[in-house]
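Computation of the quantities below employed the complete heavy-atom set of this structure, encompassing side-chain atoms and omitting hydrogens, waters and symmetry-equivalent molecules. Chain identifiers are assigned alphabetically (A, B, ...) following the order of the sequence lines, protein sequences preceding nucleic acid strands; residue numbering begins at 1 within each chain.
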Number of protein chains: 2
Amino acid sequence: MTITIKDIANRAGLSAASVSRILTNRGRFSEKTAQHVRQLADEMGYYKNQSAADLSQKESRVIGVLVPITHTNFADEIIKGMQGKATELGYELLIAFIASDNQQQLKTIKSLLSRQLLAVVMLAIEIKDNTFKVLENADILLLSVSNQLNNVMPSISSDNYSMMFTIVDYLYQKGHRQIALIGASDQHSTVANLRRQGFIDALLKHKINYNPDFIYGDENAYQTGLNAIQKFGKPLPFTAVIGSADIISIGLLNGAKDAGIKVPDDLSIITIDGTELTELTRPILTAAQQNFAKMGELAITTLAGQKLSPDTVVFTNITLKQGGTVAQLD
Amino acid sequence: MTITIKDIANRAGLSAASVSRILTNRGRFSEKTAQHVRQLADEMGYYKNQSAADLSQKESRVIGVLVPITHTNFADEIIKGMQGKATELGYELLIAFIASDNQQQLKTIKSLLSRQLLAVVMLAIEIKDNTFKVLENADILLLSVSNQLNNVMPSISSDNYSMMFTIVDYLYQKGHRQIALIGASDQHSTVANLRRQGFIDALLKHKINYNPDFIYGDENAYQTGLNAIQKFGKPLPFTAVIGSADIISIGLLNGAKDAGIKVPDDLSIITIDGTELTELTRPILTAAQQNFAKMGELAITTLAGQKLSPDTVVFTNITLKQGGTVAQLD
DNA sequence: TTGAAAGCGGTACCAT
DNA sequence: ATGGTACCGCTTTCAA
């Protein structure tokens with residue numbers, strides 16, 4: 001038998017209403033009885049039945065978080081950021097891992113929607129159209145984190161366009177003129193589109209005509225990096241390469257090693273993301289590091305503020321983190 | 001205004017009771033009205049209010065999962081395994097990331113216990129005593145996954161003792177006689193204790209007296225691997241080393257590289273865990289691979305079966321996965 | 001400051 | 001096959 005508010009009320013010689021008020025710190029009560037009740041609750045091993053509370057209160061403070069089940073190692077950092085702020089502001093996170101499989105996706109979403117949620121936050125999810133419809137119809141706050149989605153729903157992310165200027169400027173200043181971009185070719189991804197456009201424009205700014213062949217690979221995978229090196233062969237037609245995710249860059253690094261290409265002497269690599277993974281390679285990867293923890297925090301504060309419209313776009317800073325994979329050319 | 005079962009009942013000219021029966025597939029009803037109701041529910045955008053359902057039904061099908069917030073990359077694999085089976089058997093997972101900080105730990109647990117849960121599954125968590133007390137008093141099913149905890153609570157894990165025989169036998173057969181074990185020195189961890197004991201006994205079986213100095217490092221961290229190499233210097237007093245986790249082994253590998261020690265020529269490395277991380281190194285790490293996905297599946301089926309006692313111990317298989325970090329000595 | 005009572009949305013028992 | 005109803009545990013008005 002589980003302990004309810006009534007049990008406490010009986011023992012304390014009070015009504016359930018009073019106990020409720022005390023335990024939730026709402027309304028008026030005397031501090032003296034309150035102390036007694038709190039102690040009693042503790043002794044008796046009472047835990048609020050949140051389902052009952054949710055049912056009774058109209059407003060919910062639960063935020064659903066959709067995390068792609070395909071391991072993206074930065075999701076942890078975002079969640080960590082959200083978690084901290086959520087605890088601080090009194091929100092709860094309901095984390096659900098979501099498969100890429102359409103059928104399963106719907107099932108997960110529906111079960112999520114069965115809990116009354118304040119909002120649903122999607123981490124780096126490329127959402128399927130029909131799944132999106134379901135969420136939209138459910139009339140619930142939506143927020144995309146780390147995946148910039150202009151005008152579809154509000155999002156918190158890095159400024160992917162200007163990020164490319166930071167990267168290209170850096171490489172240019174290091175003497176690089178032939179630069180490739182790997183893993184941002186997906187035509188259907190807003191992020192990839194922005195990165196390609198920023199890449200091209202940044203090159204033009206330096207009066208470099210970009211070579212379309214140097215933009216390659218549309219999948220966010222280790223294999224994409226390996227493939228890229230194989231495709232371009234040895235010697236490589238460029239001196240520097242930008243990996244659109246850490247895992248891609250590690251593929252580039254290992255591919256280079258396998259092909260007898262020295263990093264950074266024969267090839268410079270700069271990676272986008274800059275998660276812990278970048279510390280595990282030799283040399284350590286130079287990175288345009290995204291501020292994932294900050295994204296997580298902002299996700300919560302933004303939702304708490306509730307000033308959201310589909311074209312709300314919040315940017316977090318990026319940091320150029322020096323590793324050992326970019327050489328200075330003479 | 002959210003759609004309730006009553007709204008549907010009104011529109012269909014039925015009672016709430018009937019709609020409930022139909023939507024949950026319980027009790028008797030005619031297929032004809034059922035079809036109508038289901039369609040109506042769909043059209044009206046109805047989602048069951050799970051809180052109400054939970055409150056009404058005494059039994060819950062929600063399983064809480066405690067995941068350490070410190071990035072352990074195998075947690076994902078376990079969760080994936082749980083997720084699949086859970087969906088299949090009609091359970092829901094409530095995932096909560098838990099900090100190592102005592103204060104926050106309690107807060108998380110309490111909020112978890114506020115949802116009526118069928119069980120709490122702990123992934124690789126070294127739980128603090130007082131936190132454990134809270135869980136124990138809450139009178140809820142407990143299960144530890146991947147962290148073998150003999151006689152404290154039921155657990156699903158690899159057989160850490162016999163695993164060491166597999167590893168040592170393999171190294172012995174490859175000609176190694178001087179073997180070190182890194183990252184299993186924590187005296188308070190059952191897993192570490194079992195690994196050390198298994199290591200020692202496996203060596204004895206081959207008539208090798210173990211050298212206590214060769215057991216080093218108690219933290220599950222990249223740095224532990226780096227430190228180990230530094231500590232033993234060059235040339236190393238052993239020909240092979242066992243890393244007690246992938247991240248440690250990567251530290252060993254990079255530490256060796258930094259010190260000019262060639263792997264596997266000068267040093268053989270075998271790692272315990274065998275997650276995706278092991279594919280990212282050069283050479284690829286040879287691993288005693290744990291079956292994390294299976295652990296996840298078993299966690300759910302075991303809970304579904306409910307035949308649990310504190311001394312229930314379920315083992316999953318381990319696989320020796322050949323990489324390029326173990327050399328054959330002559 | 002405290003209590004009585006209605007109600008949140010479903011479920012399940014007992015009638016019909 | 002369907003409907004009426006009590007109830008799950010908590011919150012919240014309103015009255016005392």
S.K.: Atom CD of A:Gln57 and atom P of C:dA6: how far apart are they, to the nearest Å?
M.R.: 21 Å
S.K.: For A:Lys6 and B:Ser18, find the nucleotide of DNA chain D closest to each by heavy atoms; which residue's nucleotide sits nearer the 5' end?
M.R.: B:Ser18
S.K.: Just by distance, do the side chain of B:Glu92 and the backbone of B:Ile63 share a donor-acceptor pair under 3.5 Å?
M.R.: no
S.K.: Return the value, rounded to whole Å, for the distance between atom NZ of A:Lys48 and atom P of D:dC8.
M.R.: 20 Å
S.K.: Quick one: does B:Thr302's side chain have a donor or acceptor within less than 3.5 Å of a partner on B:Leu298's backbone?
M.R.: yes
S.K.: Please pick, from C:dT2, D:dG4, D:dC10, the nucleotide with the shortest atom-to-atom distance to any side-chain atom of A:Arg28.
M.R.: C:dT2
S.K.: Return the value, rounded to whole Å, for the distance between atom CZ of A:Arg26 and atom C1' of D:dT11.
M.R.: 7 Å
S.K.: How close or far is atom C1' of D:dT11 from atom CG of A:Asn49, stated in whole angstroms?
M.R.: 13 Å
S.K.: For a quick check of understanding: with a heavy-atom distance under 4.0 Å over all strands, which category does A:Ser51 fall into, base, sugar-phosphate or nothing?
M.R.: nothing
S.K.: Measure CD1/B:Ile22 against P/C:dG10 and give the value in whole Å, please.
M.R.: 14 Å
S.K.: Tell me which nucleotide among C:dA4, D:dC10, D:dG9 gets nearest to the side chain of A:Ala17.
M.R.: C:dA4
S.K.: Has the side chain of A:Thr33 got a donor or acceptor atom that lies under 3.5 Å from a matching backbone atom of A:Phe29?
M.R.: no
S.K.: Rounded to whole angstroms, how far apart are CZ on A:Arg61 and P on D:dC10?
M.R.: 20 Å
S.K.: Can you say whether a donor on the side chain of B:Arg21 sits under 3.5 Å from an acceptor on the base of D:dG3, or the other way round?
M.R.: yes
S.K.: Check whether any side-chain N or O of B:Thr4 sits under 4.0 Å from OP1 or OP2 of C:dG9, and answer yes or no.
M.R.: no
S.K.: Only pairs at least two apart or in different chains count here, so list each salt bridge (Lys or Arg N to Asp or Glu O under 4.0 Å) that has a residue in residues 29-46 of chain B.
M.R.: B:Glu31-B:Arg38
S.K.: Would you find a donor on one side and an acceptor on the other, under 3.5 Å apart, between the side chain of B:Asp273 and the backbone of B:Thr275?
M.R.: no
S.K.: Of all the nucleotides listed (D:dA1, C:dG10, D:dG9), which has the minimum atom distance to the side chain of B:Ser30?
M.R.: D:dA1
S.K.: Give the nucleotide from the list C:dA12, D:dG9, D:dT2 with an atom nearest to the side chain of B:Phe29.
M.R.: D:dT2
S.K.: State whether B:Tyr47 places a side-chain N or O below 4.0 Å from either non-bridging phosphate oxygen (OP1 or OP2) of C:dG10.
M.R.: no
S.K.: Specify the separation, in whole Å, of atom NZ of B:Lys58 and atom C1' of C:dG10.
M.R.: 14 Å
S.K.: Taking the six-membered ring of A:Tyr91, is the NZ or CZ of A:Arg61 close enough (under 6.0 Å from the centre) and on axis enough (within 45°)?
M.R.: yes
S.K.: Under 4.0 angstrom, heavy atoms only, what part of the nucleic acid is A:Thr24 near: base, sugar-phosphate, or nothing?
M.R.: sugar-phosphate
S.K.: Do the charged groups of B:Asp54 and A:Arg115 touch, with an N to O distance under 4.0 Å?
M.R.: yes
S.K.: Which nucleotide, C:dG10, D:dC8, D:dT11, lies nearest any side-chain atom of B:Ser20?
M.R.: C:dG10
S.K.: Counting the atoms with a prime plus P, OP1 and OP2 as sugar-phosphate, which does B:Leu23 contact under 4.0 Å by heavy atoms, base, sugar-phosphate, or nothing?
M.R.: nothing
S.K.: Among D:dT11, C:dA12, C:dT1, find the nucleotide with the atom closest to the side chain of A:Ala53.
M.R.: D:dT11
S.K.: Could you work out how much the helix from C:dT1-D:dA16 to C:dT16-D:dA1 bends, comparing the axis of its first five pairs with that of its last five, to 10°?
M.R.: 30°
S.K.: Within this structure, what is the CG-to-C1' distance between A:Leu55 and C:dA6, rounded to whole angstrom?
M.R.: 13 Å
S.K.: Does the pair B:Glu136/B:Lys133 count as a salt bridge with the N-to-O cut at 4.0 Å?
M.R.: no
S.K.: Respond yes when some side-chain nitrogen or oxygen of A:Ser56 is under 4.0 Å from OP1 or OP2 of D:dG9, and no when none is.
M.R.: no
